[in-house]
Amino acid sequence: MPETQNVTANQTEQRELRYDPQRIEEKWSARWQADPDLYAAEPHDSKRKKYYVLEMLPYPSGVLHIGHVRNYSIGDALARYMWMRGYNVLHPMGWDAFGLPAENAAIKNNVPPREWTLHNIANMKAQMNRLGFAYDWSREVTSCLPEYYRWNQWFFLKLYEKGLAYRKKSKVNWCPECATVLANEQVVEGCCWRHEETPVEQRELEQWFVRTTNYSDELLRDLEKLAGWPEKVRVMQRNWIGRSEGALIDFTIDGLTGRAGDKITVFTTRIDTIYGATSIQLAPEHPVVADLVGNDHHLHAKVEDLVREQGSAREAGDIGGIEKHGVFTHRYAINPFNQEKIPIWIANYILMDYGTGAIMSVPAHDERDHEFAHKYGLEIRVVILPRRVGEPPEEGKEEKPLLPYTEKESLLINSDEFDGLSNQDAIEKMSAYAEQHGFGKKTVTYRLKDWGISRQRYWGTPIPMLYCEKCGIVPVPEDQLPVLLPDKIDITLQGGSPLARVPEFVNATCPKCGGPARRETDTMDTFVDSSWYFYRYTNAQLADRPLDTKTVEYWFPIDQYIGGVEHAILHLIYSRFWTKFMRDIGLIHNDEPVLRLFTQGMVIKGGAKMSKSKGNIVSPDEMVARFGADSTRMYSLFAAPPDRDLDWQELGVEGVHRFLGRVYRFVMRNAQAAKTTARSDGGPLSPQARAIQRKLHQTIRKITDDFQGRWHFNTCVAATMEFVNELYGVESAIAAGNFPAEILAEAQKKVVLLLAPFAPYLAAELWEVLGETDNLLRYPWPDYDAELAKEEEIEYAVQVNGKLRSRLSVPADCPEDLVLERALADDKVRTSLDGKQVVKTIVVPGKLVNVVIK
RNA sequence: GCGAAAGUGGCGGAAUUGGCAGACGCACCAGACUUAGGAUCUGGCGCCGCAAGGCGUGGGGGUUCGAGUCCCCCCUUUCGCACCA
């Protein structure tokens, strides 16, 4: 019988020592949620230094995916760490809640978009809480609620007032799948960014645009200030803005002089090559083409072909791969510099939406023009040589014109009075010449276009505009905001804006004349919502203004923004624009919203992007159910550095779970020992205790360095593991009462603190087990003592001719010459020397000795 | 085509300034404990070799006492840009 009792006692003990994340995490999750102020930031008059850490807000699709978990785990670790460092941390969360999926769900399941969205939000919020993310929910922002979107409307009115919102009929990108217009930024390789297989069509529509191009130059220039952004993102934005300096030059069409439309204006960055221009090339859709073609049916058909070729290449996303085709118009243009008549062609590689849609073709100095001229037998005339001004040609060196031509070494020829200039000088002089004579001027073009924000969809912010028969376009007066989105509505994906079919919405009164007016039935691009949401977090309850200037001044710029690189252009360029606009209407004072940006890598599985079709989706819920939130989160930080792609392996999560179990069991077994066993007698510590103390301080140093310096959370976790392994090595000494209590107590307490940013639930539980009652997040991050971290013995590597031959353990303060002496006396070293001559010796203090022999 | 990043055991990854390659984890192997349990604890684990030793960071060259790290050439992968005039 006693035996049975023993077994039972043993089992009970086993059960108590089992790490049960579900029990621990549910207990703390409930406590945390019962305390809404737990993660609340202090107001902006706080004495603490502020730290604003932000993860990109999610679209409430229904469930969190594992990429979200990684994103939020990084942000949460940072927020917790900064709290422990004593900062006043702002760490909010919200919902990018407008958008098409809600409408699709409405069609499919017959649920109102609002209901579907709010239901998803509740679900995802519960997931976030289960994962233990420390958000200040009192600042939650939900973009589909009128309290938020009324300010989108307010901003729109301000944009309109400043002439930055305008209505224009133009060719726009149309996704047939979404049944709406897309911004240029939302077209990826000719296809919709949401439907990567669906080619975007071009449609002629009347649309609202926002004048982002007013800020082209500043958006470009200020990229220089963003030192805390990944270079990659800055390059992408720079390319997207696409600034290009050049000149506009008018070529008169021969035979049309004096008539309206007698000119073709070309854009060139290389005015210095204008004497080498041997043709004009027009985009097939250039407005002058119709005139030039006239009644020539044959020519007309050919132009149609060119339009089609360009269109299909564009849809295929491969404009660059198009085979160059063109057609001669039988008309000529006059080069204003030398009065030369050059043929006018229409070519499929000329784009109407860049520059003026017309170029001067210089085959000798442009690769594309060369290809085209070669194909059609057009003249190739060299006007620049690769030689410095004033230098004679090099003997025997063939002076080939360069393709493509760049270089500082450049000398103009065949260019009348400009002969002998360098190309830089020529650009200056020729631009001035053109300007003086009234046929040209310097200019700057951008690839960046104005932002088309109209969407023919229901689930978005209504654009607060009215159309009155008498008064025309009339803005909704501010005091009538918000223009509410009607609730009950029949949604289909056909027939344009769903709101247009809701008479109660459409029919309104003109605020100017009191007569009947129609409401604008398009809604805003959802990127409007995300362009300024992070300002709203600073005071989400504010009822009479979008934000409070003083409060924003305290919190901005965002100290650390974390999200996927896929937003490098869209969201991050729109929100930079929005910030500059808000500044210019005096609402805020900062020029840029984000000080430091971090783009985390993707989570992949089996080397491939996760997708439903591949069936390799990892469910966060399943991970939490099997291993707990702490293990799931910590694994996402441990498996790879945060900027790299992470290949998700469940066995890895299990490994982290096992480690957290080791920590749990150690503390459970030894928390008591730290109180009951004897402290050291004040004399020198035992080597074992000293080793633990040293390793602890080294670990704190390593984790602190890696955390703030490099963001290598994986090595932070690894260092903690190493230290815990060391603790296990002295456990028998602890059990035997041979380990000083104060060292044990310090070790346990600090391990828990070091774990707090990564595994907050376990840290909270063990903090309580250790008898601590303070809020862990307000407890200071542990300091290390450099003296205590110091090694007393150093192991030198001893090399002979760079090859490792032996190791040598010496006291840390051992002088170099003594280290060398002992190295040379080493048995293995002497064997390797074998009577050969020592040529040189190198001692790297604290590291190695290298003996060079011959 | 242009630009950027990356390439290290069976796998994920360490190596911060040119100084002991492979920390930490996974997988695997062995042992201990055990009502056999996918629990826990301990140890081993780059490759070849019985060993001594040799080889080893995509490939080839170079600089250096010493190279994963610096330089040159090449290969592969990922990302971005791509008739932007």
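Just so it is clear: chains get the letters A, B, ... in the order the sequence lines come, proteins before strands, and each one is counted from 1.
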(message) For the C1' atoms, the ones on B:G7 and on B:U17, what distance do you get once it is rounded to whole angstrom?
(response) 23 Å
(request) Just call it for A:G652: base, sugar-phosphate, or nothing, with non-hydrogen atoms closer than 4.0 Å on any strand. (result) nothing
(request) Between B:C24, B:A85, B:C41, spot the one nearest the side chain of A:R662, thanks. (result) B:C41
(message) Between B:U63 and B:C45, how far apart are the two P atoms, rounded to whole Å?
(response) 37 Å
(message) Classify the ring geometry of A:W345 against A:Y376: parallel below 30°, tilted from 30° to 60°, perpendicular beyond 60°.
(response) tilted
(message) Under a 3.5 Å cut-off for both contacts, is B:C55 paired Watson-Crick or G-U wobble with anything, and if yes, with which nucleotide?
(response) B:G46
(request) Based on the glycosidic angle (syn within 90° of 0, else anti), state the conformation of B:G22. (result) anti
(message) Is the phosphate of B:U77 approached by A:R644 (side-chain N or O, under 4.0 Å from OP1 or OP2)?
(response) no
(request) May I ask you to verify if any side-chain N or O of A:K232 is less than 4.0 angstrom from the OP1 or OP2 atom of B:A4? (result) no
(request) Pick base, sugar-phosphate or nothing for A:R234, based on heavy-atom distances below 4.0 Å to the nucleic acid. (result) nothing
(request) Give the nucleotide from the list B:C81, B:C26, B:A15 with an atom nearest to the side chain of A:N239. (result) B:C81
(message) Counting only side-chain heavy atoms from C-beta out, which of B:G80, B:A85, B:A23 sits nearest to A:M236?
(response) B:G80
(message) What is the distance, to the nearest angstrom, from the CZ atom on A:F659 to the C1' atom on B:C41?
(response) 16 Å
(message) Taking the minimum atom-to-atom distance to the side chain of A:F638, which one of B:C24, B:C81, B:G19 wins?
(response) B:C24
(request) Report yes if at least one side-chain N or O of A:K803 is closer than 4.0 Å to OP1 or OP2 of B:C55; otherwise report no. (result) yes
(request) Kindly say if A:T715 contacts the phosphate of B:C24, meaning a side-chain N or O under 4.0 Å from OP1 or OP2. (result) no
(request) Check the angle between the aromatic planes of A:H374 and A:H370 and answer parallel, tilted or perpendicular using the 30° and 60° thresholds. (result) parallel
(message) Whether A:N850 contacts B:G19 is assessed here as follows: a side-chain N or O lying under 4.0 Å from the phosphate OP1 or OP2. Is that the case?
(response) no
(request) Please work out which of the three classes, parallel, tilted or perpendicular, describes the rings of A:F372 and A:Y349, given edges at 30° and 60°. (result) tilted
(message) Given the ring of A:Y275, does A:R381 sit roughly above its face, with NZ or CZ under 6.0 Å from the centre of the six-membered ring and within 45° of the axis?
(response) no
(request) Under 4.0 Å between any heavy atoms, over every strand shown, what does A:E654 touch: base, sugar-phosphate, or nothing? Just pick one. (result) nothing
(request) Just name whichever nucleotide pairs with B:C11, Watson-Crick or G-U, keeping both distances under 3.5 Å, else none. (result) B:G25
(request) Check the angle between the aromatic planes of A:W648 and A:Y635 and answer parallel, tilted or perpendicular using the 30° and 60° thresholds. (result) perpendicular
(request) Quickly work out the A:R447 CZ to B:G80 P distance and round it to whole Å. (result) 13 Å
(request) Tell which nucleotide pairs with B:C65, taking only Watson-Crick or G-U wobble pairs whose two distances are both under 3.5 angstrom. (result) B:G19
(request) Write down the distance separating the C1' atoms in B:G46 and B:U34, rounded off to the nearest Å. (result) 35 Å
(request) On RNA chain B, check which nucleotide each of A:V565 and A:G242 is closest to and give me the residue with the more 5' one. (result) A:V565
(message) Counting only side-chain heavy atoms from C-beta out, which of B:C41, B:C65, B:A85 sits nearest to A:R665?
(response) B:C41
(message) Over all strands shown, is A:L646 touching base, sugar-phosphate only, or nothing at heavy-atom distances under 4.0 angstrom?
(response) nothing
(message) At 4.0 Å (heavy atoms only), tell me whether A:L848 reaches a base, stays on the sugar-phosphate, or touches nothing.
(response) base
(message) Whether the side chain of A:R805 engages the backbone of A:K828 through a donor-acceptor N/O pair (distance < 3.5 Å, no angle test) should be reported.
(response) no
(request) Please state whether the rings of A:F337 and A:F439 are parallel, tilted or perpendicular, taking 30° and 60° as the class boundaries. (result) perpendicular
(request) Ignoring hydrogens and angles, answer whether the base of B:C83 and the side-chain atoms of A:K324 contain a donor-acceptor pair closer than 3.5 Å. (result) yes
(message) Suppose you measure atom C1' in B:G68 against the same atom in B:G9; what distance do you get, rounded to whole Å?
(response) 14 Å
(request) Could you tell me whether a side-chain N or O of A:Q22 sits under 3.5 Å from a main-chain N or O of A:A625, the two making a donor and an acceptor? (result) yes
(message) Could you tell me how far B:G25 sits from B:G44 if I compare only their P atoms? Round to whole Å.
(response) 13 Å
(request) Could you measure between the two C1' atoms, the one in B:G56 and the one in B:G49, and give it in whole Å? (result) 15 Å
(message) With a 3.5 Å distance limit and no angle check, can you tell me whether A:K449 reaches the backbone of A:D353 through a side-chain donor-acceptor pair?
(response) yes
(message) Taking any heavy-atom pair under 4.0 Å as a contact, classify A:Q799: base, sugar-phosphate, or nothing.
(response) base
(request) Starting at atom CD of A:Q649, determine the distance to atom P of B:A27, rounded to an integer number of angstrom. (result) 10 Å
(request) Using only side-chain N and O atoms of A:R669, determine if any of them is under 4.0 Å from OP1 or OP2 of B:C41. (result) no
(message) Pick the closest RNA chain B nucleotide for A:Y728 and for A:N725 by heavy atoms, then say which residue is nearer the 5' end.
(response) A:N725
(message) Starting the side chain at C-beta, find the nucleotide from B:A85, B:A27, B:G13 nearest to A:A640.
(response) B:G13
(message) Rounding to an integer number of angstrom, what distance separates B:U57 and B:A14 when you compare their C1' atoms?
(response) 12 Å
(request) For A:F666 and B:C41, give me the distance from atom CZ to atom P, rounded to whole Å. (result) 12 Å
(message) Distance check, C1' atoms only: B:G58 and B:U76, in whole angstrom units.
(response) 7 Å
(message) Looking at B:A27, I'd like to know if its phosphate oxygens (OP1 or OP2) sit under 4.0 Å from a side-chain N or O belonging to A:R658.
(response) yes
(request) Using both distances under 3.5 Å as the test, list the Watson-Crick or G-U wobble partner of B:C79, or none. (result) B:G3
(request) Round to a whole Å and report the spacing from CD1 of A:I703 to C1' of B:A14. (result) 15 Å
(message) Looking at A:R238, I'd like to know whether one of its side-chain N or O atoms comes within less than 4.0 Å of OP1 or OP2 on B:G80.
(response) no
(message) Among B:A85, B:C41, B:G19, which nucleotide has an atom closest to any side-chain atom of A:I842?
(response) B:G19
(request) Select one nucleotide: of B:U16, B:A85, B:G13, the one nearest the side-chain heavy atoms of A:K702. (result) B:U16
(request) Measure from NZ on A:K847 to C1' on B:A21 and round the result to the nearest Å. (result) 14 Å
(request) Find the distance A:F758:CZ to B:G25:C1' and express it as a whole number of Å. (result) 15 Å
(request) Please state how far atom CG in A:D706 lies from atom C1' in B:G13, giving the value in whole angstrom units. (result) 14 Å
